[in-house]
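Reminder, nothing fancy here: chain letters follow the sequence lines and each chain counts from 1. The model shown is predicted, which means the values in this text are computed figures rather than measured ones.
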Amino acid sequence: MELFQWGTNPWGQETLIRVSWDLLYLFFWAGIAFIVFHVVYAAVWLPKLARANGGQEEAAAAAGIPETIERHTLWARIFHWVMAASMLVLLVTGFFPIIGVQFAWVTIHWIAGIVLTISILYHIVHATFYLDFWSIWILPDDMDEAVQRVKRQMGQEASEIKKHGKYPLDHKLFHTAVMLAGLAVIGTGLVMMFRIENALVPRNAYLLSEPTWGLMYTLHGLGAVLFVMLTLTHIYFAIRPDKFWLTKSMLFGSVERERYLDHHDPDRWVVNKESASKS
Amino acid sequence: MADYKLIGKNYTTPDILAKVTGRAKYAEDFRAEGMLFAKLLVSPMPHARVRRLDTSAAMAMPGVEAILTADELPEAEAPQEAGLTNEPLYEGEPILAIAAVDEETAAEAIEAVQIDFEPLPFVLDPMDSLRPGGPNARLDGNTMAGRDLSTIKWDSVDWSEVDRGIMPLGGEVTDEWQVGDVEAGFAEADLILDESVFSASLSHQPLETRTAMAYWQNGKCFMHCSTQSTARTEGGMARWIGIDPTDLVLIAEYCGGGFGSKISSSIQARIPALLSRKAGKPVMMRVTRQEENFFGRARPGIQARAKFGFKSDGRVVAIDLTMVQDGGPYGRSGDYMSCADQASLMYQPEHMRVRGMTVYTNTPPRGAQRAPGGVQAVAMFAPIVDKAARQLDLDRLDIIHTNAPQGQALFGRPRQGRQGNVSSAFPKEAIDKAREEFDWEGMKARSGQRNGSKVTGVGVAISSYSAGTSGVDGLLVIRPDGMVEIHTGVGNLGTESFSDTSRAAMEALDTPWEQAEVVWGDTSKHLPWSAIQGGSQTTHGHTRSNWAAGLEAKKRLQEIAADRFGGSADSFEVGNGRVFRRGNRGQAMTFGQAAERAIQLGGVYDGSQLPEDINEMTTRSATALAGRGLVVAAKDNFETGGRNMSFCIGFAEVEVDTETGAVVLKDYKVASDAGTVLHPQNFAGQVHGGGIQGFGVALGQKWVMDPQWGLHVAKRFYSNRPPTILDAPHDQELAWSVADEPDPFNPLGAKGIGEAPVGAGAGAVLNAISDALGGNVDFNRSPIMGDMILTMLNPELDEAHNKLSTHV
Amino acid sequence: MGDVEHTQVQTTTEQQGVTRRGFIKGVIATGASVSASNYVLRNGHGVALAQAPGAVERLVTLNVNGQQRRVDVMPQETLAMTLRYKLGLTGTKIGCDRAECGACTVLVDGVPQYSCSTLSHQVRGREVQTIEGLEGADGTLHPVQQAVVDLQGFQCAFCMPGFVMNMVALTNENPDATRGECAHHLAGNICRCIDYNKILNVAEKACEYTRNGMRS
Amino acid sequence: MAVIRDKMPAFQLFQPASTEEALGVLDQYGADAWVLAGGLDTWDWLKDRVKKPAAVVDLGGVSELSEIRSLGGGLEIGAMATLRDVIRHPEVSEQFSMLADSASQAASPQIQNQGTLGGNVGQDTRCWYYRDGWSCYRAGGNICYADTPTAMNREHAILGASRCVAVNPSDTAPVLVALDAEMVVRNSTGERVIPAQDFFIGPAVDIMRMTALQPGDILTSIRIPWTWANTRFYFEKARDRAVWDFPLANVASAAKISNGVVEDIRIVANGVAPYPVRFLAAEDAVRGRQVGQAVAMEAGELAINGVRPLRHNAYKVTLLRNLVKRSVQGAEA
């Protein structure tokens, strides 16, 4: 298997062109393998970790936690679904021609890319100034808990695991991966606009040096093949019954108090009346 | 015209039967026992250095017999080329050669060579090399100043002008001359045209590539190559191979075209010779068309500023030229200088200043191409003179006539403060004759006629070029079987001058051509020192030398007869293959009998005693022939009277479709002043063939290169476009005429005709296109193609490139 | 030069009854073949020698100038190379090797084709005519050849064999051709001496000779 | 990278006698097989050693592929019929003279003698960067060398480009599109019939192919319905030299005209886009109107709607406009 695709420049010198599309298949099957693994893992291990949460309801009600709690604002949800749609379009337009489904994809691809870019820009501003910025980032506590969690699962002595805040570590990890891959494809994708006809920038294939272009295509490809796996696994989790309450929250915005109490630490995701769903 | 029996008559040349039956052997037609095939590894970059070279995998391949690298060649002194190099200066320059049992293996071996190049800065357009900080094509400089490589940058000129297609004045140049006072000349002028002009580089593309086959036998190298000249190739080729000329047997009876690119064959021919020595087997190196495009030579492009001052009667009073020649990477060709000389001759300005230089570029090597500089002169300046005629409201043929030289006119770069003169010039007579014969008034009447979107244009242009030098040797043997063997060291590249000029000897002997046998093309057959077959040298030079040999033979025949029959030599006549007493034809000897007698007499008669003044090569050949009959060697010592020049005036009729830009040539006629015509059929072939080559210059033969990578993109005939038969007028036979004025400094009045026709064709077509578009159009460059015409006719279209752009 | 020239002609009679392997060995042993002796021993790209229907044999019989010529031909070998290097018919020239100049034009079943752009295998069972096949056994020139000689046609003549063969097809098909029709018929041949005017004179003369017979 | 020219690499040559046999070999070799028709496009690729197929399948021996025959619904021309066959076939010149006309303007007479109709329509682009083995989009890279700020693109596309700006160089292709021809394609799984207009594809859809032919496919014949037989045809090719050169632009038009009124028309051009372009807007504008200068000019203007000229080919806009104008007028000028 090749990691990179090399070509020759007009002078016959070897030059990096892009990632090898072998990686597309690799990441696709890696995603599938992860899903299969997780299905088994979830079936065998998760029941063992289940805990009762009885008796919390009243206390929670007393603490002023509303019955439904807004988890994603309307704007955040719009952002998410716009991003999801553009991402799916980008994946389909980017990869279907490679796997043999031919159609005129370039224009759709770059327009979807621009939509994605705009939505990401919105997200960055929105998350920075209007949301609990730090809620999605991996913090030292997360790491510590992760260690404890693994210890527990291995059957070793470990301290009590606290419930997570608004986002559990796996969400945070996923977000980080998406962010890195996303920045790579968006950053390189914007530069690659100079190599195609589009309404925004004039074509200039010699904007960058030849090795730099090779790097752009390679990074774009790496991000893109990573997204194949990320998207697969993301969809998988979204449709898992035990996670479906989260998917619903992305559709409708809120979670029930019960779920909140089940999964979240009220100290770490502070909820009050103002957070209650408007619905 | 004098009353000749052979000169001026059509006849069958001695090579044509072999040609028309396929028996004529060109270099690639020879085979030798155990012959290997060579393939070249050529540079993929315009300028680079070989950083690492590993031929072990190639050498290990079964069937690979020898590899020749640049390191094994004697070093060439800059700016000359070596044939193989480790620092390629243009795309396609050979790096190494591999000989293998067959071409397939050689090709695969080339692909197995591990080679790593370090790209170096390159330049395609001379102007880019003159810019301050601009790249140089060579690491040792970008031009030749005198005999030295040096670097010149134009830091004082306005480069924004160049970007707008204006050639700047005042940049430093390496060559400069002036006659009269140009400023005073322009002060006198009633009309001044000051324009930037460009004539593009174009490759020769002879149909036979410079394929060569060589082998060694008993220490001698046998070389089959393609060359225009035989005698003048021997020494250079021997030097290239590194052997004494006497150890070289050069066989080149047929040459599939050269147009100046094979005057003395090509340096790449040394490759099979050296490979053959290394491998111990014969080696055939088939040069591909694409390789020919790379190292087969090309006419240098010239970017120029031309300022012409005219009097109201059309007389050119002053010319001021600034020229930059695209020199390619090697050598020191001076097309721009002969370009100035021809302008000086054709337009006879009283005041003229010339400033010029050649700038090296990483494009294929340049060389002389049929009227080097002369064609560029016509392509660049004929449209200016044509335009002046329009602006001064003069007849366009008249303005040519007005300025054309007459008699022994002075022209060109002055030496010791004085211009030299032309030996004879009768272009005015040629024009006067053509005006009637070609019905110039009728042609003019068709100018501007419209047929829908198609407009007829009529163009006329004069072209001049050198037509011969002198001082070479004639060598003939009258054999005991009565045949006259005329040996000639000029080549046979299709002009047939090797044969046509041999007829001078038979004319001198007043003997039928059937009794002649021309010996040519193989140095083992003992050839005399001859003119280079290039620059139209042969016709003038070899009618002189063969006439000299013929006269000398006649004298010896008379002496032999006097010796046999008594009396003075003067009382004998020579004619019809016999020498006989005047008034008593009974006292006669046949050539055969005289030859027998010559052998008996020895000394000056059988070649054992030779003239002192002949060339060493002639002496060697004549000595080898000694004893075979009456052996006569003679040097051309006839008087010379200036530089020998011939003239052509082309008349073209085109139809330009203003909706598609398509140009169709409807007719082409050519008038000439080229002295006595030796062989009318061949003469017509030269004037028309040259003219149509000029159409290629005018209409589309060119290089296209990618500026980012410095690589050719139009390497194929379908993309670099030599003219096809349908691009030439083909509905009626083309007319030609001659002034029929013999050159006073040739015993038969002959001048060369190879060169001048090209410019005439190019200039006439350029002017005709301009005429069709209403005159006063400023293409200011050649070639003109349909896209340029459409762009000019539709001002809303963006101009694709400025006037001075090269290789677009 | 007679001592160093030789050709690799394998005539039918010489080859009859000789096995392919034996023939190939012979070729190698005598060193007679200018063709790839090592090619004989390998099969490019490492692909197994084809078993599929339609796979070609290397030993073929070609009908050239009325003779059956048995010859060893590589699959990728062009007719021009076979004619020139295997059959010794060097009259056919290679000017560009790319179907762009016409010097290699020969007649295949009477039709002008570029032999540089025809595989030798493609002319099996067809009649190939080259310039060497025009002259009569008694030395009588073909009308086209005679026209060339009479009008001093062509210059360097490297293009001539191709033009001549194309003219032969012209005189066979349309001896009444006008000058313009001659030009269109001959348009697939390039002359770099660009003596097209004279070439058209020759074509017209050749047509005339074909119609009216050659002058005696 | 050593560049070796004019020596073909070794390959296995197959000369099957039937289409089935040929398809069998194609299946056996997959993408390593090369279909050989007249060879005029093939030899360049092989002699430049840019492509090195393991097997070459010469269709010259499949006689069924070179037949020209009249069917109930139209004329069927075998893909291996040479251009010469097409030019000289009486029914072609009587019914579809424009096809013979375009074939007789392709390349050179000898190439017409060897080259096939299938090869002419299926030929690859002549973009000089791509043909020379530069590793561009079309060759699997990620750049178009012909569309850079300094590129030499005088002969490239003004319409329909997508990343790659190469043009389709065929002279017969626009004629077949104008005549509503259908391409019959076979592979080992069966036969499919593709309208000519869909047969030619642009780089937006598949940047590495000019036609719908996939590895394993053979174009077996071209069917031309009688729909446009003997209507008013116009074909013109603009080129630099009168022989060999590919079109700078060509135009093919078929028009049904009664009493000077255009009942229906097809206008197609090639050499300006990566595929033969049909000018639907121009056709619509002309349909139902009297033939004349004004309507022709209008059609010309509509044809150049949306052009995107490159640095060196703006002239093609004017050229295309004028050719389309002429095609509607039905005459030069």
Applying a strict 4.5 Å limit to non-hydrogen atoms, the region of B/Ala662 in contact with chain D is neither

- Query: Is there side-chain contact between D/Tyr315 and B/Ile789, with at least one heavy-atom pair below 4.5 Å?
  - Reply: no

Max heavy-atom pairs within cutoff under 4.5 Å with chain B, candidates D/Met152, D/Lys7, D/Arg154, D/Arg241, goes to D/Arg241

| query | Under the side chain to side chain contact (heavy atoms under 4.5 Å, CB included) criterion, do B/Asp706 and D/Trp134 qualify, and how do the steps go? | reply | CA-CA 12 Å; B/Asp706 183 86; D/Trp134 295 39; 4.0 Å; yes

So CD1 of D/Ile4 and CG of B/Leu40: to nearest 0.5 Å the spacing works out to 7.5 Å

For B/Thr724 and D/Trp244 the tightest heavy-atom approach is CG2-CE3, 3.8 Å

The side chain to side chain donor-acceptor pair (under 3.5 Å) partners of D/Asn153 (sequence neighbours excluded) come to none

Taken to the nearest 0.5 Å, the spacing of B/Ile725 CD1 from D/Ser108 OG works out to 12.5 Å

Is the closest side-chain heavy-atom distance between B/Lys39 and D/Arg5 below 4.5 Å?
no

Residue from B/Glu796, B/Met705, B/His807, B/Met785 scoring the most non-hydrogen pairs under 4.5 Å with chain D is B/Met785

Turns out that what part of D/Leu323 lies under 4.5 Å from chain B's heavy atoms comes down to side chain

Q: With the side chain counted from C-beta on, respond yes when B/Glu659 and D/Lys325 share a heavy-atom pair under 4.5 Å apart, and no when they do not.
A: yes

D/Met297 CE: over 12 foreign heavy atoms closer than 6.0 Å: no

Value for CD (B/Gln708) from OG1 (D/Thr148), rounded to nearest 0.5 Å, stands at 6.5 Å

Output for pair (B/Thr791 OG1, D/His312 NE2), nearest 0.5 Å, gives 11.0 Å

Residues 134-144 of chain D vs salt bridge (charged side-chain N to carboxylate O under 4.0 Å, His left out), sequence neighbours excluded, gives none

Output for pair (B/Leu797 CG, D/Asn313 CG), nearest 0.5 Å, gives 10.5 Å

The single option from B/Thr660, B/Asp787, B/Asn794 that satisfies side chain to side chain contact (heavy atoms under 4.5 Å, CB included) with D/Leu319 is B/Thr660

Honestly, the part of D/Arg321 sitting under 4.5 Å from a heavy atom of chain B is side chain

Output yes when D/Arg326 and B/Asp657 qualify as a salt bridge under the 4.0 Å nitrogen-oxygen rule, no when they do not.
yes

Checking heavy-atom separations under 4.5 Å from chain D, one finds in residues 286-296 of chain B B/Arg286, B/Thr288, B/Arg289, B/Gln290

If you tally heavy-atom pairs under 4.5 Å between each of B/Leu793, B/Asp798, B/Leu726, B/Asp116 and chain D, the highest tally belongs to B/Leu726

To the nearest 0.5 Å, atom CG of B/Leu699 lies from atom CG of D/Asp240 at 9.5 Å

* From CA spacing to verdict: side chain to side chain contact (heavy atoms under 4.5 Å, CB included), B/Glu104, D/Met8 -> CA-CA 8 Å; B/Glu104 285 75 11; D/Met8 282 192 257; over 6 Å; no

Ordered numerically, the heavy-atom neighbours of chain D under 4.5 Å found in residues 712-720 of chain B are B/His712, B/Val713, B/Ala714, B/Lys715, B/Arg716, B/Phe717, B/Tyr718, B/Ser719

